[in-house]
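The sequence lines fix the lettering, A, B, ..., with proteins before strands; numbering per chain opens at 1.
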Amino acid sequence: MLDIKFIRENPGLVKAGIKNKNEKDTVDQILELDKKRREIIRATEELKAKRNKVSQEIGKLKKSGEDASEIIAEMKTVSDEIKSLDDELRRVNEKLNELLMWVPNLPHESVPVGLSEADNVEVRKWIPEDFSFEKDFEYLDHVELGKKLGILDFERGAKISGSGFPVYLGKGAMLERALINFMLNYHIQKHGYKEVLTPFLVNADSMKGTGQLPKMQEDMYFCEKDNLYPIPTAEVPITNLHRNEILSEEELPLKYVGFSACFRREAGSYGKESKGFLRVHQFNKVEMVKFVKPEDSYNALEALVKDAEDILKELKIPYRVIMLATGDLSFAAAKCYDLETWSPAEEKWLEASSCSNFESFQARRANIRFRRKNNKKPEFLHTLNGSGLATSRLMVSILENYQTPEGKVIVPKVLQPYTGFNVIG
RNA sequence: GGAGGGGUGGCAGAGUGGUUGAAUGCGGCGGUCUUGAAAACCGUUGAGGUGUUACAGCCUCCGGGGGUUCGAAUCCCUCCCCCUCCGCCA
């Protein structure tokens, strides 16, 4: 959510940001409602001040046994006026809030302007020393290979749940578990994150806090009986850990890392990019979340990306870092880097991580503040998060990049202590 | 799921219709005293909105929402959460 004061004072900036993000511009409507809101507040507060004053007098009169029926009758009409003004105010506020909830975060000035993926900018690329893009044999894609090795079973997953719910078997399941543990330990030990294991079902307030609601309603699962949403990412519960809290300056920055299963309906996404792991309804992910002071957030973003990159370097998987253009940014993000890993079977780069700075957008929605040592007034802090990383996409990278001409898969060295074996097949 | 109890400021804990945004204690901050510290004493110490150049002023908030009333932390409705006991259960 954007600050209504900021919108009031910088309507042009806000409109430009909305346009660059290709979202709906409701600024004029918002400003009009804001004006109306303040008019009502002014009128209602004047009446309330009167009511408070006279009510006290009535109290005094009654105490001394005098008759107050005349003033009481007069106050009755004042009270009615207040009530109707309050009703109107409530309606205006609801409408205003609803509109504000749909206003996207504004892109940071360093983000390339452009409406499509084509405007994204490659920032850097990392290729392992002995790696070659030249194929010396025909790579099997992860679906075929997984099936052949008996470590992935998409058909049975479809039987027990539906398409997009993969089953991991034997060494596949062990590799998945190894990946999760490796990444968690790495971020904890090398990058100083604190592990947190949060619920996989959250309430609507949490979803609003991080910005999934109201916009992404259709992309999420929902348990109607209990009003709970299966999380699309651990970002939601972890960021909401501190919802409605005021942290102290010394506590910052807070760095959390957590594992979760992620659930996504992704309505209307059938088609090309849906083979195997490329698009699933349930997958596993290790997520990093940071709470930082506003002046630190852009450095924190760079560090966050590096933290995710370190995992890929340790796994020796070729990747590139992409800075998303304004139009490709998510609703809540001000700036975002994607990490894409190389798929030798598909012969293209596939997104494996997304690292974003949300500035105060989520903090304002979720009411997460901090207080500076020498300053009384609490301020909204900045939140960031990044996948560190999604195992489903990593599984694709590992199975494909580490396959041998004989159709086996070598386990990346750093994972071997976790799997207890060094080859699959 | 059933029965009962409870949600008040950073924490503990008063307050059941009329200057109560809220006693008191602890904690925090500032000061006096002290060579320094402790103790003691004095003062101060929530958030949001509106408004102002900035103050002031005013309004709202005692789990959330709604209602009754001239007036609500206090009464009513509803939802949420916590605790105790019982049932069920990995």
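Comparing A/T44 and A/I41 against RNA chain B, the residue whose closest nucleotide sits nearer the 5' end is A/I41. Residue order along RNA chain B, read from the 5' end via each residue's closest nucleotide, puts A/I4 first among A/I4 and A/A73.
The side chain of A/R51 places an N or O atom within less than 4.0 Å of a non-bridging phosphate oxygen (OP1 or OP2) of B/U60. A/K83 has a side-chain polar atom (N or O) that falls below the 4.0 Å cut-off from OP1 or OP2 of B/U68. Residue A/S79 places at least one side-chain N or O closer than 4.0 Å to OP1 or OP2 of B/G71. Distances shown here put a side-chain N or O of A/R371 below 4.0 Å from the OP1 or OP2 atom of B/A47. Between A/K377 and B/G48, a side-chain N or O to OP1/OP2 separation shorter than 4.0 Å is present. Contact between the side-chain N/O atoms of A/R90 and the OP1/OP2 oxygens of B/G67 is found at a separation under 4.0 Å.
With C1' as the reference atom, B/U16 and B/U20 are 13 Å apart, rounded to whole Å. B/C82 and B/C33 have their C1' atoms separated by 46 Å, with the value rounded to a whole Å. On the C1' atoms, B/G7 is 15 Å away from B/A14, given to the nearest whole Å.
No engagement by A/I71 is indicated, since no non-hydrogen atom pair under 4.0 Å with the nucleic acid exists. No engagement by A/R364 is indicated, since no non-hydrogen atom pair under 4.0 Å with the nucleic acid exists. Among the heavy atoms of the strands lying under 4.0 Å from A/N52 are primed sugar atoms or P, OP1, OP2 only; no base atom is included.
For A/T341 and A/R393, the side-chain atoms include no donor-acceptor pair closer than 3.5 Å. A/T210 and A/E235 form no side-chain donor-acceptor contact under 3.5 Å, judged by distance and modelled atom types alone. Side-chain atoms of A/T26 and A/Q29 include no donor-acceptor pair closer than 3.5 Å.
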Original post:
So A/I160 and A/F165, side chain to side chain contact (heavy atoms under 4.5 Å, CB included) or not? Walk me through it.
Top reply: CA-CA 8 Å; A/I160 58 183; A/F165 290 91; over 6 Å; no
